Amino acid sequence: MGYKEEGKWWVSPSNYAEEVTSKFNFPKKVEFIDTTLRDGEQQPGIILTKEEKIEIAKRLDKAGVQRIEAGTPAVLKADEEAIKEITKLGLKADIYCFVRNMKKDIDLAKECGVDGVIAEILGSEHLLNNGKRWTFEKAVSACIEATSYAHEQGLKVTFFPADGSRADIEFLLKLVGEVYRNGHIDSLALVDTFGVFSPEGAAFRVGQLKAEFPDLPIECHFHDDFGMAVSTTIAGLAAGAEVAHVTVAGVGERAGGAPLEATALSLEALYGVGTGIDMTQFKELSEFVEKATRTPIHPTRPVVGDKIFLWETGLPSSLWMNVKDVNPLFMLPYHWSMTGHRMPELLLSKKSGKDNVKVWLDKIDETVTEEQFPELLLAVKELSLAEHRTLNEEDFRGLVEKIKA
C-alpha cells in the first residue's frame, strides 16, 4: 500500500517517507477487539436489549472484527443470556466477556461459552488503595487465583489493569509481573482509563511493557477524553502493541473510546497497515448502533457522519463538478465507497455558487434564462440567510417558480 491508491485514497506522501516509516514497529498482524457491547453501553443513557446486542455482534463479525467483547455477565441475568446467545451464533470472531478477578465471575464466563475473559483490576496504586481500598497483596492474590482458574477452565485471559496509563511504572510492572509469573496472562491490556496519554507517552509505555514482558501481546484500550484516542491507539500499535480496543462511532464511558471506523481507516490509508476489516460495512453498522443506542452520530463525525461527503460552498462545489468524472480523489481523502457512503452531493445555501444552482436545476428538471440565473442565485443566498439553514427541494422549487413568473 502507498499514499495514493487508485479508487481508495489519496493522502500525504510524507506519511510514507522512509524517514517516517523507519521509526515504526507495527506488529505483523494488527487485531481489533470491539467493546461496544460493554464499554459502549457504559455511556450514560445507553441501554441495549439482548436482541440489539446480538444484532450488533453479527454486524461486527460481518465487518471482520477479530474479537468481540460481548458484555459483563455479572451485571444482570439478561446480559448473561445475551452473551450466551452470541456465543451460540457460530461467529468467526472470538467472543470475550468482562470479569472481575473473582472465581464466581470466571464460572459465569465459562457458563456463557466465551473464548476468553478480560480480567479487570485497578492498576494504579492511588485508585487501588484509595478507590478500591485494597492492599497490593490482596489485589495480587485475587488476580493470581482468578487468572489461574480461568486458564484451568480453558479460557484465554486478557489481564486488564485499569488506569495503567497513570500508574507509577514500577508499581504497574510489579503488579503485572506477580500475576504473570504466578497466575496466568495470555495478553496484557494497557489501559488508558481516563484518556490521558499523548501519542508519544502511549508509545513509550508500550515500549516499557514490551521490554519487561517480551512474550506478552500488548493491547491498547485508550479513551478519548482529550480527543486523542485514535492517535494514541495507533501510536501504541506503531510501538509494537498487537491489539486495538475500539467501539463503533467511539461510544463509551465519558468521552468514549477509539472509534473502530477512524482507527481502521487511518491504519490502512495513513500508515499502510492491513487490518482485515471490511470498511464498506462502516456506514450501515454505525447507523444501526446509532439507532440501538439512541445516541445521534454527529453529521460531520469522521468516516461515518452523514455530511462528510456533501458540499454547499461555491468553490469546492465547482472544483468537485470539474474533477468528479476525471478522478474523484482530486477532491477527496478517500473514496466514499470504501466506507459504505453514497456519492457526494451538492447542497444549496448562502455560501453556494453557480454550479450548485445548475445541479439543482437539473435535479428538479427545470431551466431558467441566462438573465434569470443571477437573480435565482441571489434568491437562494438570501432565503438561506433569512431561514438560517440549508435549503431543501421545496424551497428551491418555490424560488424557481417565483423567478419564472
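As the structure is a computational prediction, the values presented were derived from the model and not from experiment.
- Note on E242 versus K210: salt bridge recorded, some NZ/NE/NH1/NH2 to OD/OE distance being below 4.0 Å.
- For K174 and F136, the positive end sits near the middle of the six-membered ring, less than 6.0 Å away and at most 45° from its axis.
- A cation-pi contact links K363 to W360, judged by a cut-off of 6.0 Å to the six-membered ring centre and 45° from its axis.
- In this structure R342 satisfies the side-chain hydrogen bond (donor to acceptor under 3.5 Å, both in side chains) test with no other residue, sequence neighbours excluded.
- In this structure a side-chain-to-backbone donor-acceptor pair under 3.5 Å is missing from T313 to P316.
- Taking a 6.0 Å sphere around NE2 of H335, one finds it holds more than 12 heavy atoms contributed by other residues, nucleotides or ligands.
- Under the rule for a side-chain hydrogen bond (donor to acceptor under 3.5 Å, both in side chains), the partners of E366 that lie at least two apart in sequence or sit in another chain are K404.
- Surrounding CZ of F226 are at most 12 heavy atoms belonging to other residues, nucleotides or ligands under 6.0 Å away.
- A side-chain contact (heavy atoms from CB on, under 4.5 Å) with V304 holds for exactly one of E261, E284, H298; it is E261.
- For the pair A235 and A203, the tightest heavy-atom approach, listed with the atom from each and the gap, is O-CB, 3.8 Å.
- Within the 4.5 Å cutoff, the side chain of S266 has heavy atoms near those of the I234 side chain.
- Sorted by first and then second residue, the salt bridge (Lys or Arg N to Asp or Glu O under 4.0 Å) pairs with a member in residues 287-299 read E52-R294, K283-E287; sequence neighbours excluded.
- Looking at D107 and K104, no side-chain N of the basic residue comes within less than 4.0 Å of a carboxylate O on the acidic one, giving no salt bridge.
- Salt bridge absent: D186 and K156 never bring a charged side-chain N and a carboxylate O closer than 4.0 Å.
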